[in-house]
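Okay, structure first, notes after.
These values consider heavy atoms only, across backbone and side chains, with no hydrogens, waters or symmetry-generated copies.
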Amino acid sequence: MIGAVRERDAQAVVCFLRRRVRSLSQEALARMCGVAQSTITRAEAGRGLTDRRKAMEALRGLGAPLDSVSSEKLGYLPSHAPFEPAGPMLNLDEIASALAPHAVPSTTTAPFSLAELAEETRQAKADYQACRYAAAARRIPRLLNALEKSSSDHESAIHQRLYHVKTDAYHVTASVLLKCDERGLAWLAADRSYRAAQTAGDPVLIGSSARVYVRALMRERRYRTAADLATAAAQRVQRDTDTPTPASLSVYGALLLSGAVAAAKREDRDAALSLLTEAQEVARRLGGDHNHRWTAFGPTNVLLHRVSTAVELGDAGQAVEQARSIHPEHLPLTERRVVLHVDTARALAQWGKLREAYAELTEAENLAPEELKERPRVHALIEELRTRSSGHLRRGLTQLADRVGALR
């Protein structure tokens, strides 16, 4: 919504308020804006508050923090409009050094207990799911160095637990690197996660680690291999788990969802829909939305992946319809909510609804600026929208691109 206010786009602000504040009636909003109720009705349909003077009056009535209007001749933003150009947020050199400890002199790391290593890994995972990628990236090098040292220090009796921690630590490392499109380093981290899981011998842990391998394969456009790996890993989790647990069901379902996206990317509609249906049944068995084994798996995440697969299959209208059926309060994890906004923006761009796509991206930015600053794929979407737009919308998208570093 911040972007809409900066653009003086009262129509977008009205639509945002009506969508997010469900108790706010058209009549009450019209009184706040100082316009007729019919104007609010037209605004929600995309036809009202297009007159600039009325739009400014409506925004003032809503208490929007407007700068001086005198400098807005010809619709340009004031020269002192807040601009926050982005610089590189993540320094990945230390992560690279931690992944290749023999390539550079190793740093001295204070000894960690196994409990401390587990807690550091948990914090890194939590930072990732909250889209605090800079915080996660600061933790990871020290964590990986300490884990490698601990591999030789700890007694064999606790190696089993240590390999569980290593699996998760390298998993979150690969996840952060994939967000930044650092594919080579991500492969290295994903491989170490999987090897640690295999050493631990826990089928659920192995399945959980396979998820990041699938994502790495998709990033390399190896969609068939990714889909095959996801479905095979899901079957192994199901086969090797004697009694289903919330964790095993969550990993099983999450692998099916990854397989569905991979199948959609290779335009295998039948396989994608079949895997989604199977995942929906697993979510029903699980009984709700949870975050077992850091999967965020449940009925709502299945819906979210229906949006993603519809976008990949080119079903823009269906993707938007699915997205509108998801209640944000059912997505407590920031990373999942941002993915919903970005996927909805992708669908709207396919549909030619550029202004609505821009609104979704500004919502994503408000939730988690780092998600937009660190993802080259989002940068590409912003640039696509910018080249296809004109006027106020293009200026707004240019400002967004500058804030998130897409113009570098």
Side-chain angles (χ1 to χ4, degrees), residues 125 129 167-168 171 174-175 178 190 193-194 197-198 202-313 315 318-319 322-323 325-326 330-331 333 335-336 339-340 343:
K125 286 275 197 178
Q129 290 193 329
T167 299
D168 286 344
H171 188 142
S175 295
L178 285 172
S193 173
Y194 196 72
Q198 288 182 313
D202 182 338
V204 175
L205 192 66
I206 294 170
S208 179
S209 180
R211 292 169 51 229
V212 78
Y213 243 134
V214 172
R215 286 164 49 209
L217 283 166
M218 282 195 282
R219 196 59 55 87
E220 295 290 348
R221 301 179 184 275
R222 307 294 182 184
Y223 302 133
R224 180 190 294 274
T225 306
D228 290 346
L229 174 60
T231 52
Q235 290 167 2
R236 282 197 298 271
V237 171
Q238 185 182 40
R239 182 193 66 214
D240 296 342
T241 305
D242 295 331
T243 303
T245 64
S248 70
L249 288 172
S250 296
V251 170
Y252 175 40
L255 283 165
L256 294 174
L257 293 179
S258 296
V261 173
K265 283 179 177 291
R266 62 183 296 261
E267 300 181 5
D268 189 342
R269 182 182 296 271
D270 291 342
L273 296 180
S274 175
L275 289 167
L276 285 170
T277 300
E278 189 175 351
Q280 186 172 341
E281 172 59 21
V282 177
R284 185 195 64 76
R285 291 170 59 193
L286 184 62
D289 296 307
H290 301 284
N291 194 27
H292 300 298
R293 289 294 316 154
W294 305 95
T295 58
F297 183 73
T300 304
N301 207 8
V302 174
L303 284 175
L304 182 56
H305 279 75
R306 287 191 182 278
V307 176
S308 300
T309 53
V311 173
E312 297 297 342
L313 291 169
D315 299 333
Q318 183 179 347
Q322 293 278 4
S325 71
I326 298 175
H330 293 167
L331 290 170
L333 297 178
E335 193 267 345
R336 293 288 83 195
V339 166
L340 174 61
D343 279 349

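- Side-chain N/O atoms of R293 and S248 include no donor and acceptor closer than 3.5 Å.
- Checking side-chain atoms of R285 against main-chain N and O of L249 turns up no donor-acceptor pair under 3.5 Å.
- Contact between A272 and A263 at its shortest, heavy atoms only, is N-CB, 3.8 Å.
- R211 CZ to L229 CG: the interatomic distance, rounded to the nearest 0.5 Å, is 12.5 Å.
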Query raised in the report: Does the side-chain contact (heavy atoms from CB on, under 4.5 Å) test come out yes or no for L256 and V282, once each step is laid out?
Result: CA-CA 9 Å; L256 294 174; V282 177; 4.0 Å; yes

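- Within the 4.5 Å cutoff, the side chain of P299 has no heavy atoms near those of the R284 side chain.
- Other residues, nucleotides and ligands contribute at most 12 non-hydrogen atoms within 6.0 Å of the CD atom of E267.
- The environment of CZ in R222 is sparse: at most 12 heavy-atom neighbours from other residues, nucleotides or ligands sit within 6.0 Å.
- With no hydrogens or angles considered, no side-chain donor-acceptor pair links S209 and T167 at under 3.5 Å.
- The distance from atom CZ of R236 to atom OG1 of T231, rounded to the nearest 0.5 Å, is 9.5 Å.
- Rounded to the nearest 0.5 angstrom, L313 CG and K265 NZ are separated by 10.5 Å.
- Judged purely by atom type and a 3.5 angstrom limit, D343 has no side-chain atom pairing as donor or acceptor with the backbone of V307.
- When all heavy atoms of L275 and G259 are compared, the pair lying nearest together is CD1-C, 3.5 Å.
- Within the 4.5 Å cutoff, no side-chain heavy atoms of T309 are placed close to those of L273.
- Residues R269 and D315 are paired through a salt bridge, judged by an N-O separation under 4.0 Å between the basic side chain and the carboxylate.
- Residues T241 and V204 are in side-chain contact: their nearest non-hydrogen atoms beyond the backbone lie under 4.5 Å apart.
- Counting only heavy atoms from C-beta outward, the side chains of L331 and I326 approach each other to under 4.5 Å.
- Between the side chains of R306 and Q318, no donor-acceptor pair of N or O atoms lies under 3.5 Å.
- Side chain of Q129 to main chain of W294: a donor-acceptor pair is present (N/O by atom type, distance under 3.5 Å, no hydrogens or angles).
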Report task. Applying side chain to side chain donor-acceptor pair (under 3.5 Å), run through T300 and R336 and close with a yes or a no. Result -> CA-CA 10 Å; T300 304; R336 293 288 83 195; over 6 Å; no

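- Between A279 and V302, the shortest heavy-atom contact is O-CG2, 3.9 Å.
- Looking at V261 and Y223, their side chains never come closer than 4.5 Å, going by heavy atoms from C-beta outward.
- If you take CG on L255 and CD on Q235, they are separated by 10.5 Å, rounding to the nearest 0.5 Å.
- Looking at heavy atoms from C-beta onward, L257 lies in side-chain contact with L276 at the 4.5 angstrom threshold.
- Minimum interatomic distance between S250 and T295 (heavy atoms only, all atoms of both residues): CB-OG1, 3.4 Å.
- In this model, a donor atom of one side chain and an acceptor atom of the other lie less than 3.5 Å apart for Y252 and E278.
- At a threshold of 4.5 Å between non-hydrogen side-chain atoms, the residues F297 and D289 do not count as touching.
- Put simply, CD on Q198 and CD1 on I206 are 5.5 Å apart, with the number rounded to the nearest 0.5 Å.
- Of all the heavy atoms in G207 and V237, the pair that sits closest is CA-CG2, 3.8 Å.
- Among all heavy-atom pairs drawn from M218 and S258, the shortest one is CE-O, 4.1 Å.
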